Amino acid sequence: MTSAENLRGFKRDGRIVIVGASLAGLRAAEALRDEGFTGSLTMIGDESAEPYDRPPLSKQVLTGWVPADDTTLPRRRDIDAEWLLGVPADGLDLATNHVRLADGREIPFDRVLISTGVRARPWFVESEADLDGVFVVRTREHAAGLQRALAAGPSRVLVIGAGFTGSEIASVCRERGIPVTVAELAPAPLVGALGAMIGDVAADMQRAHGVDLRCGVKVTGLEGDAQGRLRRAHFDDGSSIDVDVAVVALGGIRNTEWLRDSGLAAGVWGIACDTGCRAMTLDGLITDDVFAAGDVARCPNPVYEYRLISLEHWANAVEQAEVAAHNMVSSQADRWPHLTLPLFWSIQFGVNIKSVGVPTFADEVAVTQGSVAERRFVAAYGYRGRVTAAVSFNNAKWLDHYRQLIETAAPFPPPCPTPDQPAGMKPVPVDFPGPTLLAQGATVVVTGHDPGERRVTAAQQHR
């Protein structure tokens with residue numbers, strides 16, 4: 001039987017399992033059916049709900065505009081899948097091609113897509129995390145619970161972490177007239193994603209809207225009363241505040257622990273893949289039947305020197321899902337690379353923040369359009385003399401222009417004139433905080449001597 005005949009047979013009768021009933025998982029399933037796959041399709045998800053949209057959870061749901069239950073993702077077509085919801089995957093056996101579920105069931109596959117995404121990083125003291133009034137925001141249930149707490153009119157909310165999610169939650173609190181304190185270990189909000197200059201703008205914006213912003217401080221403890229209700233928060237500078245609600249917004253943990261014995265190159269940074277979303281083994285070999293998409297995938301980007309990058313972006317999840325689905329049912333010659341530049345957006349304190357590219361891959365930044373004082377500007381990012389990203393505040397209409405500059409490796413600062421260009425445009429160092437997780441990556445041991453025996457095994461599993 002020829003390879004073309006094998007492929008037609010697989011598209012007709014093959015078994016595909018998608019682990020992660022997420023945005024990426026649903027869009028991949030729809031794309032598989034669009035590609036003509038008529039075989040068996042199984043969707044596995046640890047939540048009992050069908051796929052729903054997450055960006056509204058920290059925005060429209062918390063303001064009360066949209067009920068949490070109304071965030072279900074629209075279906076673009078019938079996917080004719082078997083849904084196994086409410087039971088997480090617990091293992092992947094590549095020798096027998098089975099996904100093991102936590103309840104002991106084993107689901108066979110010919111090809112598998114992993115789209116397990118991330119979960120919220122919890123507060124580090126379990127007893128304090130369990131206090132009534134302490135929240136994270138990742139799931140529908142999280143957002144619904146926090147919305148009820150905000151609607152009750154707390155005397156003060158503490159937001160721990162001033163990344164995008166934390167800043168959006170602080171914005172919602174001020175919009176609802178609720179006093180809010182934001183504690184951030186870094187020098188400014190958003191500095192880890194957008195650098196020091198934009199961080200200073202974000203800090204000014206928060207304080208102008210009445211946020212009690214405390215940077216360079218660490219929350220050391222959350223204190224409850226005899227009824228287990230949050231009452232107080234303590235900081236490493238010796239101060240403390242009375243609070244009714246605390247939101248832990250310290251980023252996410254990629255859901256890869258269930259792959260610990262699979263032989264895949266999976267760890268705290270995600271699952272290493274090629275640009276076709278095919279997963280990589282611990283030995284660095286590309287698999288033929290295992291794919292990854294969405295927040296959990298870590299793919300090389302040619303624009304950024306083929307560095308492995310994992311992105312928690314809505315558009316990236318959709319585009320990777322479509323590429324992965326196409327490649328799962330295509331021959332080697334017809335496979336696509338995922339080359340789309342990342343896009344991101346956030347709405348906070350009345351400002352629409354959007355970015356294109358990867359701002360963290362930069363050594364300089366310059367305001368190239370508009371006015372920082374008016375919070376209506378575009379900042380371009382450069383790395384070794386070429387444009388690598390751009391961020392806009394209430395000025396997103398120009399981002400397509402900057403996308404072209406990035407894709408064509410245009411020189412930095414951009415030489416082409418643009419409307420509303422500030423006088424004396426001068427690049428400054430982007431100044432990102434130093435990496436804090438480098439020591440937590442996978443540790444491996446190489447064994448064997450002959451080429452046919454050389455292998456890599458994991459010596460230390462991540463937590």
Side-chain angles (χ1 to χ4, degrees), residues 55 58-60 63 65 159 162-182 184 186-215 342-360 362 364-382 387-406 410 412-432:
S58 60
K59 304 176 180 71
Q60 293 92 335
T63 61
W65 293 352
V159 179
F164 283 104
T165 298
S167 297
E168 288 170 0
I169 293 168
S171 175
V172 169
C173 288
R174 296 308 301 137
E175 184 177 338
R176 301 187 70 146
I178 300 170
V180 59
T181 296
V182 175
E184 170 57 53
L190 309 183
V191 69
L194 302 179
M197 186 188 76
I198 301 298
D200 289 342
V201 176
D204 291 342
M205 190 165 66
Q206 292 202 16
R207 291 188 172 114
H209 283 81
V211 174
D212 172 27
L213 177 63
R214 304 186 182 196
C215 295
L343 294 169
F344 182 75
W345 70 93
S346 175
I347 299 175
Q348 47 189 271
F349 304 101
V351 174
N352 188 342
I353 303 172
K354 291 191 175 182
S355 73
V356 60
V358 181
T360 51
E364 291 185 300
V365 61
V367 175
T368 51
Q369 288 181 253
S371 166
V372 171
E374 297 174 5
R375 301 189 187 107
R376 182 192 54 77
F377 65 90
V378 179
Y381 290 72
V387 179
T388 56
V391 171
S392 68
F393 276 48
N394 280 346
N395 209 356
K397 65 182 180 180
W398 284 99
L399 285 191
D400 279 345
H401 168 70
Y402 288 90
R403 179 204 296 272
Q404 294 176 10
L405 296 182
I406 298 166
F412 177 86
C416 51
T418 53
D420 206 18
Q421 193 173 70
M425 177 182 67
K426 184 178 180 181
V428 297
V430 72
D431 195 13
F432 287 107

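Numbering of residues begins at 1 and proceeds along the displayed sequence. As the structure is a computational prediction, the values presented were derived from the model and not from experiment. Reckoned from all heavy atoms, side chains included, excluding hydrogens, waters and symmetry mates.
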Heavy-atom side-chain contact between [X] and [Y] under 4.5 Å:
X: F412; Y: T388; value: no
X: Q206; Y: S167; value: yes
X: Y402; Y: V391; value: no

Indicate the atoms forming the closest heavy-atom contact of [X] with [Y], along with that distance.
X: C215; Y: P189; answer: SG-CD, 4.1 Å
X: A362; Y: V430; answer: O-CG1, 3.3 Å
X: L190; Y: F164; answer: CD2-N, 3.7 Å
X: T360; Y: G192; answer: CG2-O, 3.6 Å
X: V378; Y: A390; answer: CG1-CB, 4.4 Å
X: P414; Y: T368; answer: CD-CG2, 4.0 Å

Parallel, tilted or perpendicular: which describes the rings of Y381 and F432, with under 30° parallel and over 60° perpendicular?
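Rings of Y381 and F432: parallel, as their planes differ by under 30°.
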Side chain of [X], backbone of [Y]: donor and acceptor closer than 3.5 Å?
X: R174; Y: I178; answer: yes
X: N394; Y: N352; answer: yes
X: E184; Y: A162; answer: yes
X: R214; Y: T181; answer: no

What's the spacing between [X] [atom1] and [Y] [atom2] if we round to 0.5 Å?
X: R375; Y: D204; atom1: CZ; atom2: CG; value: 6.5 Å
X: N395; Y: E374; atom1: CG; atom2: CD; value: 10.5 Å
X: Q348; Y: T165; atom1: CD; atom2: OG1; value: 10.0 Å
X: L343; Y: S355; atom1: CG; atom2: OG; value: 7.0 Å

For M205 and F393, run side-chain contact (heavy atoms from CB on, under 4.5 Å): C-alpha distance rounded to whole Å, both residues' side-chain angles, the deciding distance at 0.1 Å, then the answer.
CA-CA 11 Å; M205 190 165 66; F393 276 48; 4.3 Å; yes
For I198 and F377, run side-chain contact (heavy atoms from CB on, under 4.5 Å): C-alpha distance rounded to whole Å, both residues' side-chain angles, the deciding distance at 0.1 Å, then the answer.
CA-CA 11 Å; I198 301 298; F377 65 90; 3.7 Å; yes
According to salt bridge (charged side-chain N to carboxylate O under 4.0 Å, His left out), who are the partners of E168, at least two apart in sequence or on a separate chain?
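Residues passing salt bridge (charged side-chain N to carboxylate O under 4.0 Å, His left out) with E168: K59.
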Begin with the C-alpha distance, continue with both residues' side-chain angles, and end with the deciding distance and a verdict on side-chain contact (heavy atoms from CB on, under 4.5 Å) for R376 and D420.
CA-CA 10 Å; R376 182 192 54 77; D420 206 18; 2.8 Å; yes
